[in-house]
Amino acid sequence: MSAGIGKSLRIKGEVIAREPFLIAGYVEGTIDVDGHTLTVAEQASVSATVSADTVVVHGTVKGATSAATKIAVQPTAKLEGAFSAPSIS
C-alpha cells in the first residue's frame, strides 16, 4: 500500500511519509519519505526540499532533492535546483 496527494490537492508545509508516496498534485515546503520511494506524477508540481530513498520524477520539481539510492528522471520531467544521489538517470 502507498499513500499520496491527489491531483486536485495543494499542500503548503511539511510532508512526512514512512511508506511509498505518490504526489499527483502540488506541494510547497519539505517532503521527507525516509526509506521509501517518492514518485512525482507527470501532472504534479513540487517546489520543495525533497529527501527520499528513491525519487522518480515524471512531473515538475524545483528545489534541493536528495535520494539515498537514486533519482530517476523520466522523459516528461522538468527539474530545477540541486540534485544529489549515488545514481541519477
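Predicted model only: the values in this text are computed from it and were never measured.
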Legend entry - Test salt bridge (Lys or Arg N to Asp or Glu O under 4.0 Å) applied to Asp32 - qualifying residues, sequence neighbours left out: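 Applying salt bridge (Lys or Arg N to Asp or Glu O under 4.0 Å) to Asp32 gives Arg18.
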Inset, instruction - Sort and list the pairs that fulfil salt bridge (charged side-chain N to carboxylate O under 4.0 Å, His left out) and have at least one residue in residues 39-68, not counting sequence neighbours. - result: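 Residue pairs with at least one partner in residues 39-68: there are none.
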Inset, instruction - Measure across His36 and Ala52 and return the closest heavy-atom pair with its distance rounded to 0.1 Å. - result: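 Where His36 meets Ala52 most closely, the heavy atoms are O-CB, 3.7 Å.
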Inset, instruction - Please report the shortest heavy-atom distance between Pro86 and Ala67, naming the atom on each side. - result: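 Taking Pro86 first and Ala67 second, the nearest heavy atoms are CD-O, 3.4 Å.
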With sequence neighbours excluded, tell me which residues meet side-chain contact (heavy atoms from CB on, under 4.5 Å) with [X].
X     : answer
Ser84 : Ser66
Lys7  : Ala24, Gln43
Ile88 : Ile71, Val73, Phe83, Ala85

Legend entry - Pair Thr39-Ile23, side-chain contact (heavy atoms from CB on, under 4.5 Å): steps then yes or no: CA-CA 6 Å; Thr39 302; Ile23 297 174; over 6 Å; no
Inset, instruction - Measure the shortest side-chain to side-chain distance between Val57 and Leu79 over non-hydrogen atoms and say whether it is less than 4.5 angstrom. - result: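 When only atoms from C-beta onward are counted, Leu79 and Val57 do touch, with a gap below 4.5 Å.
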Inset, instruction - State, with a plain yes or no, whether a side-chain heavy atom of Val50 is found less than 4.5 Å away from one of Val46. - result: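 Yes - at least one pair of side-chain heavy atoms lies under 4.5 Å apart.
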Inset, instruction - Could I get the full list of side-chain hydrogen bond (donor to acceptor under 3.5 Å, both in side chains) partners for Glu28, not counting sequence neighbours? - result: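 Testing Glu28 for side-chain hydrogen bond (donor to acceptor under 3.5 Å, both in side chains), a comparison that skips the adjacent residues, returns Tyr26.
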Legend entry - Ser45 (side chain) donor-acceptor with Thr60 (main chain) under 3.5 angstrom: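 Not confirmed, Ser45 side chain does not pair with Thr60 backbone.
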Inset, instruction - Only one of Val27, Val55, Val40 passes side chain to side chain contact (heavy atoms under 4.5 Å, CB included) with Val61; say which it is. - result: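 Passing option: Val40.
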Inset, instruction - I would like to know whether Ile11 and Val15 meet side-chain contact (heavy atoms from CB on, under 4.5 Å); could you show each step before the answer? - result: CA-CA 8 Å; Ile11 305 291; Val15 176; 4.0 Å; yes
Inset, instruction - Report yes or no: do Leu9 and Val33 belong to one cluster of Ile/Leu/Val/Met/Phe/Trp/Tyr joined by side chain heavy-atom distances under 4.5 Å? - result: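 Leu9 and Val33: one cluster.
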Inset, instruction - Check the hydrophobic clustering (I, L, V, M, F, W, Y; side-chain heavy atoms under 4.5 Å; chains of links allowed) and say if Val56 and Ile31 are grouped together. - result: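 Different clusters: Val56 never reaches Ile31 through Ile, Leu, Val, Met, Phe, Trp or Tyr contacts under 4.5 Å.
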